[in-house]
Amino acid sequence: MVKVAQANTVDERTNFLVEEYSTSGRLDNITQVMSLHTQYLESFLRSQFYMLRMDGPLPLPHRHYIAIMAAARHQCSYLINMHVDEFLKTGGIAEWLNGLEYVPQRLKNLNEINKLLAHRPWLITKEHIQKLVKTGENNWSLPELVHAVVLLAHYHALASFVFGSGINPERDPEISNGFRLISVNNFCVCDLANDNNIENASLTGGNFGIVDSLSELEALMERMKRLQEEREDEEASQEEMTTRFEKEKKESLFVVSGDTLHSFPHSDFEDDMIITSDVSRYIEDPGFGYEDFARRGEEHLPTFRAQDYTWENHGFSLVNRLYSDIGHLLDEKFRMVYNLTYNTMATHEDVDTTMLRRALFNYVHCMFGIRYDDYDYGEVNQLLERSLKVYIKTVTCYPERTTKRMYDSYWRQFKHSEKVHVNLLLMEARMQAELLYALRAITRHLT
Amino acid sequence: MHCHLDAPANAISVCRDAAQVVVAGRSIFKIYAIEEEQFVEKLNLRVGRKPSLNLSCADVVWHQMDENLLATAATNGVVVTWNLGRPSRNKQDQLFTEHKRTVNKVCFHPTEAHVLLSGSQDGFMKCFDLRRKDSVSTFSGQSESVRDVQFSIRDYFTFASTFENGNVQLWDIRRPDRCERMFTAHNGPVFCCDWHPEDRGWLATGGRDKMVKVWDMTTHRAKEVHCVQTIASVARVKWRPECRHHLATCSMMVDHNIYVWDVRRPFVPAAMFEEHRDVTTGIAWRHPHDPSFLLSGSKDSTLCQHLFRDASQPVERANPEGLCYGLFGDLAFAAKESLVATESGRKPYAGDRRHIFFKRKLDPAEPFAGLASSALSVFEMEPGSGSMSWFVDTAERYALAGRPLAELCDHNAKVARELGRNQVAQTWTMLRIIYCSPGLVPTPNLNHSVGKGSSCGLPLMNSFNLKDMAPGLGSETRLDRSKGDTRSDTVLLDSSATLITNEDNEETEGSDVPADYLLGDVEGEEDELYLLDPEHAHPEEPEYVLPQEAFPLRHEIVDTPPGPEHLQDKADSPHVSGSEADAASLAPVDSSFSLISVSHALYDSRLPPDFFTALVCDMLRFYAEQGDVQMAVSVLIVLGERVRKDIDEQTQEHWYTSYIDLLQRFCLWNVSNEVVKLSTSRAISCLNQASTTLHVNCSHCKRPMSSRGWVCDRCHRCASMCAVCHHVVKGLFVWCQGCSHGGHLQHIMKWLEGSSHCPAGCGHLCEYS
């Protein structure tokens, strides 16, 4: 899928980093990891810059505070620290950093939607929106709300990326301000020694057992090829398709449950766990977490039909109307990440990875209950091995639990840059899913 | 007339005989008969125990030749045809499952019975022959999602397709390999298109960018003939039958209304239907030759029939009035005819305070006389009475900075006088008098009533004081203050004060208002010297005046070695040089600030420094309100700090923008740029910082150099080499226009000092000027 840096791409990348450094005065580890995919990085930085620093309905310190609130939902101390600095720099009131009790009621009201958006976006209804925009002392205007929602979704998703790529705080802020290439404490890019190191094979259980990593890759490619050919011959019935979606949805239920237990103790992110208490002051109801969409029980939650509320047709128009230009930036970013390909897979070249990318994107949406009528969810099962599903589910739903072992255990022969690409896909898919739910609620409020 | 459906509709289509309409949606697929007063459900095509996704329709179309034939596009990518003539309950005829993604649009050939076209999200368009099991041909949109496909009504083989990336393609049905024509129609997805029913070449497209565009496709390149700006993304567009310029649109988001536009009048819809409570998803004119019935389906689960004569017409409610001021004082005014008729007799002349005489001529140019008639009146300036040449001349000749205040005022007064604007000239003179020494005013005897008295003693005394060092300052202050008091007495005495008698009070008073004199307390003496010897005043003043932005502070620091020599150089009068030298030597550069403050205190007591400021501000406002924003801004710039803080930021900004706007309309770019540069308002000065990128092309391969300005990424050569040092020039590059050789500014300058030939050795005799 991805290739790291041939001579001229390195050059291009350096240019980018220099540019970013000169605009923001720093090069955080996120930027450095993303710089493996310069095309994407450009649109990412552009949209992030726009929503944080350019004209918008919200005052600058508020934007950073919202970012802090969003990151706090996933206990992402890296993002929180970054934005605490920015918050103070833009003239935020230091007292607010003591916790949610110290901020104005208006910001505090955002907490509910932050919570839902982060963990169970399908629960957002127009009543939530109405409550926020209802005329009163602390009401939000719609443009402000949309801005806030975009920020929240962006930072929830970014937290996924941070945990997924194992991005650590820049240890020494003084040094990290200097211009240097890929950071050392970033296992995903540099720790190449890990690449083929099977530490714990038990994770790769499921259907595959312990497979030689190389043949694993071959098998995946074989399956892709078969699927492409099969397409014409075998057409599953409608009922079959529906069942497949439901099955995928249900299966995602069990994907992690077994794993979380034993992965917790040897978390690679112990320091994150320790500071949890420190972080929790920015959130209320810390116990509220992801709950499987499929496990809906008594209340019947209708599946979100992607065709009825698409980003291209609906989301874009609404977001752009209320917060001008952000639509174009997000649109470009989504397109970019969806279409990004280098036509490579690990050691193989000239591979059409469209199928794989689509499977990843749609699987994330599936976990958020968004269903594409025109997608055969059987493909997900074929293309995404169990360890990958575990990883996807963890990164998108409770990223704070991601461990390095999970990261290592899937696609062992793939390059790190390719895995970063996967992370980008997961991040954007998650952001889009959150935005779709939030924007749909706003649309319903408007009509 | 409307009826409630069970579920949101996604699309509707009308049968050929205009008696039936089909409504399709995710969970609805029904045929209704259109009767006199109501819709009657005739048939439910959604049969079967477990509704399959094949029935989740994104689009539906009724064949215009065969009233039994329908086609639907399903969200799961299936194209289904329906035959109403089938005897069984299930009317489903054929199923095409060739598309991999949602099919957005299906379209029957207008005259051919068996040809069906589909466009899908997967980037392919497929043409089906209904007599066969699979597609006849596939057209590839290069993996861009297809949003709409429409057969041309007139050209048998042509169809148009629109894409998510904003492109529109024209295809020949016989040539699936490549499109006939492609152009970018919109920014962002093009959601819909419609061929004009009569005009062969016209295609209307609607996009997410909230525009409806009408293209003339008969010409060699698709030409945009009309453009309608709506308020939300355009989901559907349909030409109105029998009305050449009318089309109906509905929106995909936010806006629930259906509009009918006259494309020639792109800003106000001709008609508007406001029945729906949620977005309208399908519109169709009931009969291809009847312009009065429009059907629509909506997400709010209703099906409506709109009568054109019931539509609300925004035009009726709008007051079509417009007013525009021309560059040369012409005024155009358009209003409803009725309004103009009743009031035209008196109005143009009544409110005219500035004695500009208008000539009025009526212009009956209105293409939409039928809908709303408005009259356009154009008022022209009477020739001679108000050409704007004074404005241009003034703008070009005014000096705004770079010289001492007095000179600026004098200069500007002269300019105004020469242009016959005596009031303005007078104002400048008064400003000079208020804020500066009398300078060139030819009334020498008035200067010296006080001036002479004090001037003889003062320089000596001060120099003495200065020698006595800092502690002496206090006493000096007191001394001066006493003098000041006597003067302000005189002010009080002739408080009836014509400006000229006030003059010498102001002159001393004025000189302290600017806090810009470096050597604070010397200035007191200087003013006295001015009085004695006005000619000397000017050569000296530039040394002291550094307030104006024209002298960037940097120059002061770099160029001026310790004050004294510099001052002495130019000082003509021995008195002055002596006192200055003293002052400077006593007061090293850094302590000069404290001295300034002393000088402030010194004069504060004499007259409140803002004694006249209020007046001046009023004067500026007066000019601005009169319409002479030029005067307001010029004075504002010339006086700088003296008045700036007394006028609120926004007013200043407003004046600046108006003036800059005017200047630019007269193409006075240089002046406008100068004004921008001299303005202190942040909002204004940042005008100059926008779009400052300079794009350069490589001198070898002629392609743009994207990353750096001096080395080309493509041919890997340096674009500009210095002919002297043979290194890359990264900053200023100067070159000879004769032989086009050049290099670093410094190097070339140095070279040409010693030699007159080109450094590159081409033999050209370069000139550096």
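A quick note: this is a predicted structure, and the numbers were derived from the prediction, not measured. Per chain, numbering begins at 1; letters A, B, ... match sequence-line order.
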Enquirer: Heavy-atom distances under 4.5 Å only: say whether B:Asp122 touches chain A with side chain, backbone, both or neither.
Expert: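 Neither part, no heavy atoms under 4.5 Å.
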
Enquirer: Please state whether the side chain, the backbone, both or neither of B:Arg26 comes within less than 4.5 Å of a heavy atom of chain A.
Expert: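 Side chain only.
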
Enquirer: Please classify the contact between B:Met252 and chain A as side chain, backbone, both or neither, with a heavy-atom cut-off of under 4.5 Å.
Expert: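 For B:Met252, heavy atoms of backbone and side chain both lie under 4.5 Å from chain A.
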
Enquirer: Could you check whether A:Phe334 and A:Phe361 have their ring centres less than 6.0 Å apart?
Expert: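 For A:Phe361 and A:Phe334, the ring centres are not under 6.0 Å apart.
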
Enquirer: Is a side-chain donor-acceptor pair under 3.5 Å present for B:Thr280 with B:Ser296?
Expert: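 Result is no, nothing qualifies.
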
Enquirer: Which pair of heavy atoms, one from A:Val380 and one from A:Ala359, lies closest together, and at what distance?
Expert: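 Result for this residue pair: CG2-O, 4.1 Å.
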
Enquirer: Is the side chain of A:Glu379 donor-acceptor paired with the backbone N or O of A:Asp376 at a distance under 3.5 Å, no angle test?
Expert: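 Flag not set: sc A:Glu379 to bb A:Asp376 has no pair under 3.5 Å.
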
Enquirer: Could you tell me which of A:Asp331, A:Thr443, A:Asn320 has the largest number of non-hydrogen atom pairs under 4.5 Å with chain B?
Expert: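 Most heavy-atom pairs within the cutoff with chain B belong to A:Asp331.
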
Enquirer: Sort B:Ala232 into side chain, backbone, both or neither according to what part of it lies under 4.5 angstrom from a heavy atom of chain A.
Expert: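 Both the backbone and the side chain of B:Ala232 come within 4.5 Å of chain A.
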
Enquirer: Is it the case that the side chain of B:His186 and the backbone of B:Arg208 share a donor-acceptor pair, with hydrogens and angles ignored and the cut-off at 3.5 Å?
Expert: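 Checking the backbone N and O of B:Arg208 against the side chain of B:His186, no donor-acceptor pair under 3.5 Å is found.
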
Enquirer: Under a 4.5 Å heavy-atom cut-off, does chain A meet the side chain of B:Thr75, its backbone, both or neither?
Expert: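 Both the backbone and the side chain of B:Thr75 come within 4.5 Å of chain A.
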
Enquirer: Where does B:His99 contact chain A at under 4.5 Å (heavy atoms): side chain, backbone, both or neither?
Expert: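 Contact with chain A is absent: no heavy atom of B:His99 under 4.5 Å.
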
Enquirer: Is it the side chain or the backbone of B:Glu164 that comes within 4.5 Å of chain A heavy atoms, both, or neither?
Expert: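 Backbone plus side chain of B:Glu164, per the 4.5 Å heavy-atom cut-off to chain A.
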
Enquirer: Has B:Asn90 got more than 12 heavy atoms of other residues, nucleotides or ligands less than 6.0 Å from its CG?
Expert: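 Counting other residues, nucleotides and ligands, CG of B:Asn90 exceeds 12 neighbours.
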
Enquirer: Apply the side chain to side chain contact (heavy atoms under 4.5 Å, CB included) test between A:Leu318 and each candidate in A:Leu439, A:Val146, A:Leu142; give the one that qualifies.
Expert: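 Exactly one candidate clears the test, A:Leu439.
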
Enquirer: Please classify the contact between A:Asp308 and chain B as side chain, backbone, both or neither, with a heavy-atom cut-off of under 4.5 Å.
Expert: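 Both parts, backbone and side chain.
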
